[in-house]
Amino acid sequence: MQEYDLYINVKKPAIGLYVRKGASLPDFADPEDWVFDGTSAQDLLPSSVVEGVEADGHAFRDMD
């Protein structure tokens with residue numbers, strides 16, 4: 001089963017960023033704003049997150 005790494009934005013903790021497990025963060029302007037927060041299995045995530053990662057290599061999620 002596919003797994004995904006979660007990064008939280010330290011300036012805006014309500015924003016999460018998912019990438020495939022082991023993938024580096026996409027080329028963001030401020031990568032130091034993102035902190036690793038764990039890994040989740042595909043079946044624990046909304047389908048929109050999984051589809052976003054598959055299509056774009058990353059997906060944002062409202063963590064509230």
Side-chain angles (χ1 to χ4, degrees):
M1 177 167 294
Q2 185 70 38
E3 293 183 313
Y4 300 89
D5 290 339
L6 169 63
Y7 291 85
I8 299 292
N9 188 302
V10 295
K11 293 181 179 176
K12 299 175 186 173
I15 300 174
L17 170 66
Y18 285 91
V19 295
R20 287 181 190 91
K21 182 178 179 182
S24 61
L25 286 181
D27 188 21
F28 279 58
D30 298 312
E32 67 276 354
D33 289 349
W34 298 94
V35 177
F36 178 74
D37 194 54
T39 301
S40 296
Q42 178 177 338
D43 62 344
L44 299 176
L45 297 174
S47 60
S48 60
V49 169
V50 175
E51 291 167 1
V53 173
E54 295 304 314
D56 301 322
H58 67 278
F60 293 99
R61 181 178 179 191
D62 181 356
M63 303 307 286
D64 283 337

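The residues of the chain are indexed from 1 along the displayed sequence. Any value given below was found using the heavy atoms of this structure, including those in side chains, with hydrogens, waters and symmetry copies removed. Computed from a predicted structure; not experimentally measured.
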Practice item. Could you tell me which non-hydrogen atom of Gly16 sits nearest to which non-hydrogen atom of Leu6, and how far apart they are? Key: CA-CD1, 3.9 Å

**Study point:** Smallest separation among heavy atoms of Ala41 and Glu3, with atom names
**Key:**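 Where Ala41 meets Glu3 most closely, the heavy atoms are CA-CG, 4.3 Å.
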
Check your understanding: In terms of the angle between their ring planes, are Phe36 and Tyr7 parallel, tilted or perpendicular, with boundaries placed at 30° and 60°?
Key ->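 The rings of Phe36 and Tyr7 stand perpendicular, inter-plane angle above 60°.
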
Just wondering, do [Y] and [X] contact through their side chains at under 4.5 Å, heavy atoms?
X: Arg61; Y: Leu45; result: yes
X: Trp34; Y: Val10; result: no
X: Tyr4; Y: Lys21; result: no
X: Thr39; Y: Tyr18; result: no
X: Arg20; Y: Glu54; result: yes

If you measure from [atom1] on [X] to [atom2] on [Y], what distance do you get to the nearest 0.5 Å?
X: Leu17; Y: Asp37; atom1: CG; atom2: CG; result: 11.5 Å
X: His58; Y: Asp5; atom1: NE2; atom2: CG; result: 14.5 Å
X: Asp43; Y: Gln2; atom1: CG; atom2: CD; result: 12.0 Å

**Study point:** Verify same cluster id: Phe60, Val19 (apolar side-chain graph, 4.5 Å)
**Key:**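 Per the 4.5 Å side-chain linkage, Phe60 and Val19 are co-clustered.
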
Practice item. Test Ile15 against Met63 for side chain to side chain contact (heavy atoms under 4.5 Å, CB included), laying out the working first. Key: CA-CA 6 Å; Ile15 300 174; Met63 303 307 286; 6.0 Å; no

